[in-house]
Asker: 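Before I ask anything, let me first share the structure, which is written out below as C-alpha cells.
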Protein chains: 2
Amino acid sequence: MAKSASFHEQLIEKLRKLLRSRQFVPGAKFLTEREIAERFDTSRPTANKALSSLVSTGLLEFRHGAGTFVRGSVLDYDLQHLVSFTEKAKAAGKKPGTQVIALQKLSAAEAPAAAQALKAASSEPLFYLERIRLADAQPVIYERRHVTARFCAGMNKAYAKGSLYDFWTTKCGLTISGADESIRAVNASPAQASALGIKPNTACLLVIATGFLEGGVPLWYEETLYRSDAYEFRNQLGGVSGPKPAQGRMR
Amino acid sequence: MAKSASFHEQLIEKLRKLLRSRQFVPGAKFLTEREIAERFDTSRPTANKALSSLVSTGLLEFRHGAGTFVRGSVLDYDLQHLVSFTEKAKAAGKKPGTQVIALQKLSAAEAPAAAQALKAASSEPLFYLERIRLADAQPVIYERRHVTARFCAGMNKAYAKGSLYDFWTTKCGLTISGADESIRAVNASPAQASALGIKPNTACLLVIATGFLEGGVPLWYEETLYRSDAYEFRNQLGGVSGPKPAQGRMR
DNA sequence: ATTCCTAAATTGGCTTAGCCACTTGTCAAA
DNA sequence: TTTGACAAGTGGCTAAGCCAATTTAGGAAT
C-alpha cells in the first residue's frame, strides 16, 4: 500500500490538482462522476470514491441530481470561526469591543516588513490599521496590521470598527484562503503596555502573521500583541478528533 | 446532502464507533469489506468506500490480500515528529543537547497542579523531571515535568538524558495518543532566567501541557519554558495542505 | 516429527451494467 | 406569461464478476 499508491489514490491527487489548476471558483460545477470515469478511463464507483474523498475533506460538495460543486462558504466559515475575537469573547461570557486607534493609507516603502511579507513594490498603497480589541471594556489585544489596499479600496473607519473578515468577504468579494502565524513571546514596550493596560515589560504573546487570498496572494501582514493573562493559544497534538491548528481563546 | 447523510457517510460513522467500542489495538485485524457488506447489508464497493475513508484519515490500513488493519506506529511517528526537540535542533543545523537537572520520585500530594492534571490520588507516586534542552550548547528549553510513575517504573537518569518518547514507547511499551497544550507568555523568574541563560524578566513562551496514553489516561504534566529569541510556534490557518497542530521550531 | 512446497481460500482493487431518487431544463398548454 | 409535465442528466447504490496479492492448509520429502 505504501509502496505504490492504488489507482484511486492517484485519481484523488489528479482531481485535487485539476481543482487547483483550473481555478474553479467556489460554487462552480466540477466534473461529474461519469465525466471523470470517461476522462480517466475508470469505472463510476471508482470515480465516485475519489470524489467522495474530496467531498469529505471539504473541497467539493455532492448535490444529488445536480452534480458535484466546488465548496464555497464552509471553508470560509471555518476560518472566520478560527480567528474571530468577537466569537471568542462571547464564548467566555464577555462583551467584545473594538477601538480604532489609526487607519491610514501609506506606501509600502514606509513599512518594509509588511512590504516584504506582502510582496509589495515600494510604491504600492497599503492600509495601516491599528486597533485594540476589548473584552468587558478591558484591552486584550493590540493589533497592528497592513493590508494591500488594491483589494479593499473602500476601507474606512466604520468598517475598521467591525469584522475585517466580513468586510473583506462580503463587501470586497474576496476569498480568504488562510494565514501563516508565528507565535512568540515579547516584553511589552511602554507604548504597547499602555495600549493594553498592563505594566511595561510584561510578557505578552506576539503573533506575526501573513494572511492570504485564494491562489496564495498575500492580503494582510499583522503584528498582534495579546495579554497573556487574558488570552492563550490551545494546541492539541494527536487525539481522536483529527488535526487542527492552534486556536486562541480567552483564559 | 447536509440534511440527511448518505448511507455511506452513516456507515463511516458506524465503523468509526465500532473501531473505538471494541478497543481494537494497533495492528489488530479489522472487519473485511465482505464482512462489512454482509453485516451492514450493503454492497462491497460501498463498504470499501467507507473503509477507504477511514484509511485516508489514518485510522485503518489496507493490506491487499491480507485484510484491513488498525493503524499502529504511523500515528506514533507523527507525534514524535511533532514534539522532538532533537529533530528540530538538527533541522536548524544545530547540535542538540540535554542536561538533567533533577529526577526524583515524589507523591502526587507534593505537586498539586500535576496531581490534578494527572488525576492522581495524593499518595500516587510521580516522577519529577527537570531538564534543560540545548542547541549548540545554548539553553533553549527549560522543562519541568511530572510523570505517572506506575507507567514507567524503570525511569532513571540515563533514560532521562535521552528521548522520553523513545523510552516510553519502546522500553515501557506505552502507546501515546497525544497531548493538550496551552501556549502562554510569562516573564522569566531569576531562577528560570538563570537556567535559560537570559536576563531575569525576559518574556518567554510557557507551554503547560498534559500528555495522554491510548484510552485517554494521562501520562505526563509539563510546564515548559522556551526562550522566545530562539524558538517559536508556527501555526497555519486554512491553506491547501490540510489542518495540523501548531509546531514549535527553532527561529 | 519437522520443514518445505503447492494449491486453495481469502482479501483488497476494480470493473461492468443496471436501477432508483433527485434535480434541472425545455416544451406545450392554459 | 405562467405552470405543469416530461425528458435528460446526475449522484447513490447494487449485484456479480475478474484479477492480483497474501495467507493458510495439506501433502510430500527428509
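Being a predicted model, the structure only gives us computed values, none of them experimental. Chain letters run A, B, ... following the sequence lines, proteins first and then strands; every chain starts at 1.
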Asker: Taking the minimum atom-to-atom distance to the side chain of A66(B), which one of dT11(C), dT23(D), dA16(D) wins?
Answerer: dT23(D)

Asker: Quick check for you: among dG13(C), dC13(D), dT11(C), whose closest atom lies nearest to any side-chain atom of F62(B)?
Answerer: dG13(C)

Asker: Separation of H64(A) atom NE2 from dC20(C) atom P, in whole Å?
Answerer: 13 Å

Asker: Could you tell me the separation between the CD atom of E33(A) and the C1' atom of dA17(C), rounded to a whole number of Å?
Answerer: 14 Å

Asker: Round to a whole Å and report the spacing from CZ of F40(A) to P of dG13(C).
Answerer: 20 Å

Asker: Tell me the interatomic distance from F69(A), atom CZ, to dT24(C), atom P, rounded to whole angstroms.
Answerer: 7 Å

Asker: Report the distance from atom CD of E38(B) to atom C1' of dA15(D), rounded to the nearest whole Å.
Answerer: 15 Å

Asker: Using the closest heavy atom to pick a nucleotide of DNA chain D for each, name whichever of A47(B) or G65(B) lands nearer the 5' end.
Answerer: A47(B)

Asker: Would a distance-only check, ignoring hydrogens and angles, find a side-chain to backbone donor-acceptor pair under 3.5 Å from Q236(A) to A246(A)?
Answerer: no

Asker: Hey, which of these two, L51(A) or P45(A), hits DNA chain D nearer its 5' end, going by closest nucleotide?
Answerer: L51(A)

Asker: Does dG12(C) have its OP1 or OP2 closer than 4.0 Å to a side-chain nitrogen or oxygen of T68(B)?
Answerer: yes

Asker: CG of N48(B) versus P of dA16(D): gap in Å, rounded?
Answerer: 18 Å

Asker: Count the heavy atoms belonging to other residues, nucleotides or ligands that lie under 6.0 Å from NZ of K90(A), then report whether that count exceeds 12.
Answerer: no

Asker: Give a yes or no on whether the ring-centroid distance for F69(B) and F62(B) is below 6.0 angstrom.
Answerer: no

Asker: How close or far is atom P of dC13(D) from atom CD1 of I36(B), stated in whole angstroms?
Answerer: 15 Å

Asker: Look at the side-chain N and O atoms of T42(B) and state whether any lies under 4.0 Å from the OP1 or OP2 oxygen of dT14(D).
Answerer: yes

Asker: Remember a base hit wins even if backbone is also touched, and classify S43(A) as base, sugar-phosphate or nothing at under 4.0 Å, heavy atoms.
Answerer: base

Asker: I need the CG-C1' distance between L31(B) and dT10(C), as an integer number of Å.
Answerer: 15 Å

Asker: Does the side chain of R44(B) pick up a donor-acceptor pair with the side chain of T46(B) at under 3.5 Å?
Answerer: no

Asker: Identify the two heavy atoms, one from F85(A) and one from G97(A), that lie closest to each other, and give their separation to 0.1 Å.
Answerer: CE2-O, 4.5 Å

Asker: If you go through the side-chain atoms of R63(A), does one of them form a donor-acceptor pair with the base of dG11(D) closer than 3.5 Å?
Answerer: no

Asker: Nearest to the side chain of T46(B), heavy atoms from C-beta on, is which of dC13(D), dC14(C), dG11(D)?
Answerer: dC13(D)

Asker: Would you kindly compare R44(A) and D41(A) by the position of their nearest DNA chain C nucleotide and give the one closer to the 5′ end?
Answerer: D41(A)

Asker: Want to settle it: does K29(B) or K49(A) sit nearer the 5' end of DNA chain C, counting the closest nucleotide to each?
Answerer: K29(B)

